[in-house]
Structures are given as structure tokens and as C-alpha cells.
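Worksheet: the structure to be examined is printed underneath.
All values reported here derive from a predicted model rather than from experimental measurement. Protein chains get the first letters and strands the later ones, always in sequence-line order, with residue 1 at the start of each.
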Amino acid sequence: MSDIYQDKTGDAVEKQFTLSVLTEDLPGLLNNVTIIFTRRKLNIDMINVSSSEVPGVSRYTIVLTTTREQVEKVVKQIRKHIDVLGAFVYEEDEIHYQEIALYKVPTRIFMGGVNVEKIIRANNARILVIEQDYILIEKTGHKEDTQKLYDILEPYGIMEFVRSGRVAVSKSKRKTEQFLEELENSNTHSLSINGQNK
Amino acid sequence: MEATRQKPKPETSAQPQKRKMSGSEAVIYSLLAEGVDTIFGYPGGAIMPIYDALYGFQDRIKHVLVRHEQGAAHAAQGYARVRNEVGVCFATSGPGATNLVTGIADAQIDSTPIVCITGQVPSHLLGTDSFQESDVLGISMPVTKWNFQVTKPEEIPWAIARAFYIAKTGRPGPVLLDITKDAQFGEVDFEYKKCEKIRSYHPYPPVEDDKISAAAELINTAKKPYLLVGHGVLLSGAEEQLKGFVEKAGIPVASTLLGLSAFPTDHPQYVGYLGMHGNYGPNVKTNECDVLIAVGMRFDDRVTGDPNKYAPQAKVIHIEIDPSEIDKIIKTSVAINADAKQALEKLTEAVKPNKHESWIQEFRDCDEIEYQKVIEHDIYPKSKQIRMGEVIRELNELTHGEAVLVTDVGQHQMVANRYWKFKKSNSNITSGGLGTMGFALPAAMGAQVAKPDTPVVSISGDGGFQMTIQELGTISQYKIPVKMVLLNNDFLGMVRQWQQLFFEKRYSFTEMTNPDFIKIAEGYGVPGKRITERSELTGALKEMYECEGAYLLEIAVEKEENVFPMVPSGDSVANIRLD
Ligand SMILES: Cc1ncc(C[n+]2csc(CCOP(=O)(O)OP(=O)(O)O)c2C)c(N)n1
């Protein structure tokens, strides 16, 4: 009986999706958005909330692994929230995205003859801070890239590591302001689920 | 508090000139500006300033003091459902607010417009676990269409205007406003402007012409088209448009539980009630039609059974105002994301006149089978004990379909909705999506207050009746003349039925030792009677119906009656069982 809602089409393949959500900048909205995932027992891989280029409008970038079928239902339910201006779902090839990683490693590894400089250059990373006890390395990239550097540094002892949520912009030419203007003047969500004009 | 205390006389117009007043008064003036005439509520510390303001407006707003906040929410729902307007309820912070939650959740899943106003501790105490503080916004977030915490008096008119606009437009739903005590006490320069637009909210998507032509083409070439009516038809006020459409296109019509009363039961194209305990034909024919037109319904699992085996052969046209419902359960061929009324108007123009008599006859043939196997024994039983179906049949005949039927949750609900013949729109009030036992009594009370001149009858089981039985106090205090029918089988009947059918008759905690209900009613000053014999039935129903005030009729019914037909949970609608 548990499989009665299971989809048997191609949409049932799990993939990573990036949602871009524009909302009014109000307290409590993050909770409103995340409970939609909680209800469906969906785990959010990454989430980032920031102000957008339009004053008073926040942008959420949410990454999750699920099926196209599920994600579209989730996006529709997010859109349904009164203070959500727009919600779109993208696959990897529809966006430009980055994540940032910080690696805290012991300063002494310089002393051990490791060519840290070389590793950093080869990985397009940079040194943010050098302290007596540790150095802080920053790298921006996709998860595979930041993970690769992690794996290289790991044998030397990583004291602390943090990776940010994804930030992404879509490849479409649309401007947020233009979208909001259209929204203001229309009586429907004028854009399809991946942000293209209908 | 002295009753004679002088209060400044309220403004005579609902909208005073811009002037200074307390936040509490602003609440009342805002409600007046929204046309509110009734509030169901229960006071307490955090909402006292609002109650104090209300005291001066008793000539213009009727406040009904319920006996439990759950009752206030259900009463507001009953009010909203019969009038197709927004119902309003008040509660205090903490336990008052949490007691509302069941009713709010019920209103959310059954798209019922209510505005709930809760008092909250003063804003400087928020988040400190102060006395009667609970995170009402957090608790109600998943079950409201919108909620908002007001911490400044100047936010009050804006928040209330927005609350009413959101509650009643598009797909309606509950809104909760949590108002801190300091905002109630504070001063505001009052000015009221109704909300007409929210940029992030588009409640009425326009009908897309290409979708209408695509749908019309499917309908025009269909051999066995079949239409399902949902609650959306009532909410949109599309009853006439629906009738016009199906009469032109000759399509048979079935209804969901919440769609009942949108289409007259005695219409020649009406074929019955859908779902788990619905009629035989409407379920079986779902898997035989070629075009399925669903209007303002959401393919609840009590309607679809196993969705993978639901109408796999049919092209589905879904007319639905809420885009998140489209393709949620059943994949559509044509989705018309619009208000039912507008969509049906356009669709009526686009379809060709047609008749499908032999197809409708197929439903009638099924009715014949169902009548032989189920209905006859339900409504004209020869068994010794009274059966629920015969009570409903007799009551329905007695009321000539004029009454509003309010049902609780369980076997009696299914039986009542199977056998009641609906004539008037919005005359069916029940808890569908949430299935909230205890709904009927307070909802009937709210419906009766909303429509004092329309007879309102509630049907409850002995289990559900005891969940909100204290509302007898409210009914008595305000002389609300609801007619209450209690179908007593001394069991949690619906659960017992499942135990019998699917758990080898292991009746685990479903038998009830019940009180003397008539004595309880009497204690509340409500007259009543208990009957056990068929010979008493007609007379007792008549006595109840003709009684001027409220009346409780308890009818001892067959203890182990089962409701059939039945689509076993998770099975295909085609596998509906007749016994
Ligand atoms: C608040 C609540 N608790 C539990 C249930 C589960 N439930 C559904 S029907 C039912 C039995 C109802 O019994 P009764 O009110 O006597 O009506 P009957 O089925 O006998 O007509 C129960 C317990 C529910 N729907 N609502």
C-alpha cells in the first residue's frame, strides 16, 4: 500500500535540483518555506538566503536531491505561499552557481616541506589569513572542486572546514526587476516553472 | 466589571474619519468595515483589551461565547460555509490559541474562509516562556493560508484588511492574526483601506483560451464524458454555470463529499456520490469513461483509491483555481487553472450540444444493482433495529430538502451524505479533508447563527457528539434552534467496521459505555428524547423538527451496521465492494 503514490515514469529518477525563490523580506518566511520540505520528508542539501538586487526582496537558493515530479510539486506549493513572489527550479545546466569553502589548516605544515603555495595555486584557491597557529584557505567552486582540495589537504590535518550553501543565478536573460514589474501588472505567475516566459 | 460602566459611544458609520483610538478599538472598527456581524470566541488575559472594546459594540456585533475554542473555530466554519463569507473567531493566547488549531486545520484542508484573532503576550515578553505564551505563528503556520503577528497598533487595520482579502479570495482558507497585548492597548491613527491587491498573490488566474478549446475538443469527441463536482463549484458560486454546461453537453455528473449540494440530487444527469463509501456507478464508471472533467476538486485519496489505478483509460480535464493541485495526484491532459465559474462559462460556449443517454443509462443500471444489494435494506430495512439510512430518508422527507445538513465524522456521516437529497447550494456542511470528529455540533451552531431562518440539522455519532458536547451550553445560552440527531450505536462505528472487515473483528477499544444524553441535554436546558423502536421514528423526528428551539433526538441504531458500498483503502475504485 505504501507505493500507491509512487510514480512509475521517467520523472522518478533522483537528481540534484536548484530552486531559486524570491520572497518579500519578512520574518518567518524561511520557516514557511522549509516546512513545505519537512512535510514531504525531503532533506535540503543546501540553503542560502540573501537579499536580492531589489530592495525588500530576498532570494533563497535551495539545493535538494529528489525527483522532477516531487520538486515540481514542492515548487508549486512554495509559490502558493502568500508572500512568495516567485519560485523556480533548475537543473545544473540551467544555472551558473558557486559555493565557497574555508579550510583551516595548521601553520606548521609549511614547515614540514609541503608546497602549500603550489597546492593553492593549482587549485585556484587563496590564503585569507595567516596566523601563528593556522592558516585559512578559501576556495570558490563547485562541490567537486572544493572537495578535491579538501582531500588534498586532509592528510596534513584540517582543523576546521566549512562549505557554504550554493548561490546560483539562472542562465536566462530576465532581470529580477522586470519579473517583479510583470508580476505587479499581471494576474498570474507569468513564468513557467524554470523561469522561462510561458 | 460593572455592566453599567459608561463607554464612549461608538461611531455610527463603520468607518470613522481618521482618528486616534486604541489598537483594540481599531480591531473592532476594522471588523465592522469588513462587514462582520458575528464573532465566535472565548476571552482570556491576552485578549482582554479587545473584549473590552467589543463590549461597546454589542448592538452591532453579535459575540457568541462558545464553551471551547475548537467550537469557536468550527462555528466560524459553519457560518462561513452556509453564507459563503468569512467567519470570525477570537481566542486568547496559549491554550486558547492551541485549542483553535484543530478547527484551523480543518478549515485549511476544506478551503474554508475564516479569520482567527488570538491575543498574545506583550511583545517585550515574546520568546521568554511567559505566562500563556505559545508560538502560535509557528504552530499555525502549516495550517493557515496566511498568518501574521501584530506587535504595533498601527499594523492592525492593514493586517485585518489583508486577512479578509486572503481568506476569501482565490482558494479560500483560514488566516490567523496574533495580536500582542501592547498592540491592543497602544494608540493608532485609525484609517481603514480594504486590501485589493498583493503583488505576490494572484488569486484569480485568467482562463486561457487555448486550454478551453483543447478541453472542448476532448469533450466534443468524447463517447463517455463524465464530470466530477467538487467544493470549488460552491466556493466559486458556479452552480448555474455548471448546470448550464452539463445540460448543454449532456454529461453525467457525480459529486465529491464537499461538492454535495452544488448540483441538485434530483437532476436527471446527476448520477451520485463519489469515493470510498460513495455510490457504485460513480466509482465503477470512473474507470470506464473516456474523458473525465474534474471541477474544483483535488482528487483526495478517499475519492481516488489507488491513484495509479484511477481512470487510467481517461483523458483528464482539471478545472482548478489552485495551481498546486494540478497534476498533484492525477496527471491531466488539459489543465484549466482558473476559477470554476469563469472557466465553465467559457467552456459552455465552446462545447457542442450533445446527449449521452445510453451512457447515463449505464449509471442507472448500476444504481439498480446498488439498490438491490445495499440501498433498499438501508432505507427500508426489515431488520428489527433502526438503521441509520432509514433515519436519514425520513428526516430528508420531513425537511423537503430545505434544511442545512451538518454531519460529524464516521458511519453516520457517510450514510447521511449517501441518502440525503440536496436541493439548495451550501446546504451540506461536513468535515471532509480532516475528518474531525466533534465538528458537527459547533458547525451546526455557527450555520444556524448565520442563517437564523433556515432549519439546520446536525447528525452525529455517539463518539463525535461527546467531543464537543459542551457546546450544548452555547446553544442553550443563545437559544440557537439547531436540531440535533444523535445516531447512537454505542460504538466508534466507523473504526469498528474496519476492525470487522480488516482486523478479524478484534474490536480494540471501540465500544463505548455512554451517558444518558437526554439528561445531559436537559441539564443544559435543551429538550430531547431517546427512541429505540421503528414505530416511534416518524413521530419523534416530527416532534424534533417542529420544536421551536434546539432539540436533541437520540436514536438507538443497529449496533454493528456496516456502511456499504466500500472501496477498501488503497484499492482501485473499480473494486468497490457491495457487501
Ligand atoms: C478527532 C478524531 N479522532 C479520531 C478519529 C478517527 N475516527 C474516525 S470515525 C471514528 C468513529 C466515530 O464514531 P461515532 O462518532 O460514534 O460515529 P459512527 O461511526 O458510529 O457513526 C473515529 C474514532 C477522527 N476522525 N477524529
[X] atom [atom1], over 12 foreign heavy atoms within 6.0 Å:
X      : atom1 : result
A:K118 : NZ    : no
A:E53  : CD    : yes
A:E91  : CD    : yes
A:K171 : NZ    : yes
A:R39  : CZ    : no
A:E144 : CD    : yes
A:K104 : NZ    : yes

Do any N or O atoms from the side chain of A:H81 and from the backbone of B:W146 form a donor-acceptor pair under 3.5 angstrom?
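Absent.
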
Where does A:E24 contact chain B at under 4.5 Å (heavy atoms): side chain, backbone, both or neither?
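Just the side chain, heavy atoms under 4.5 Å.
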
Turns out that what part of A:I82 lies under 4.5 Å from chain B's heavy atoms comes down to both

Region of B:L137 in contact with chain A, defined by heavy-atom distances below 4.5 Å
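For B:L137, there is no contact with chain A at all, as no heavy atom is under 4.5 Å.
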
Answer with side chain, backbone, both or neither: which region of B:D322 has an atom nearer than 4.5 Å to a non-hydrogen atom of chain A?
side chain

Is [Y] close to [X] at the side-chain level, that is, under 4.5 Å between some pair of heavy atoms?
X      : Y      : result
B:K145 : A:K80  : no
B:K331 : A:E69  : yes
A:V84  : B:S200 : no

With a 4.0 Å cut-off, would you call B:R199 and A:D83 a salt bridge?
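Salt bridge absent between B:R199 and A:D83.
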
Over all atoms of both residues, closest heavy-atom pair of [X] and [Y]:
X     : Y      : result
A:K76 : B:P323 : CD-O, 3.3 Å
A:G28 : B:M141 : O-CE, 3.7 Å
A:Q77 : B:K328 : NE2-CD, 4.4 Å

Is there a side-chain contact (heavy atoms from CB on, under 4.5 Å) between B:D327 and A:E72 once you walk through the steps?
CA-CA 10 Å; B:D327 293 329; A:E72 290 199 352; over 6 Å; no

What option among B:D571, B:I198, B:I326 has the most heavy-atom pairs under 4.5 Å with chain A?
B:I326

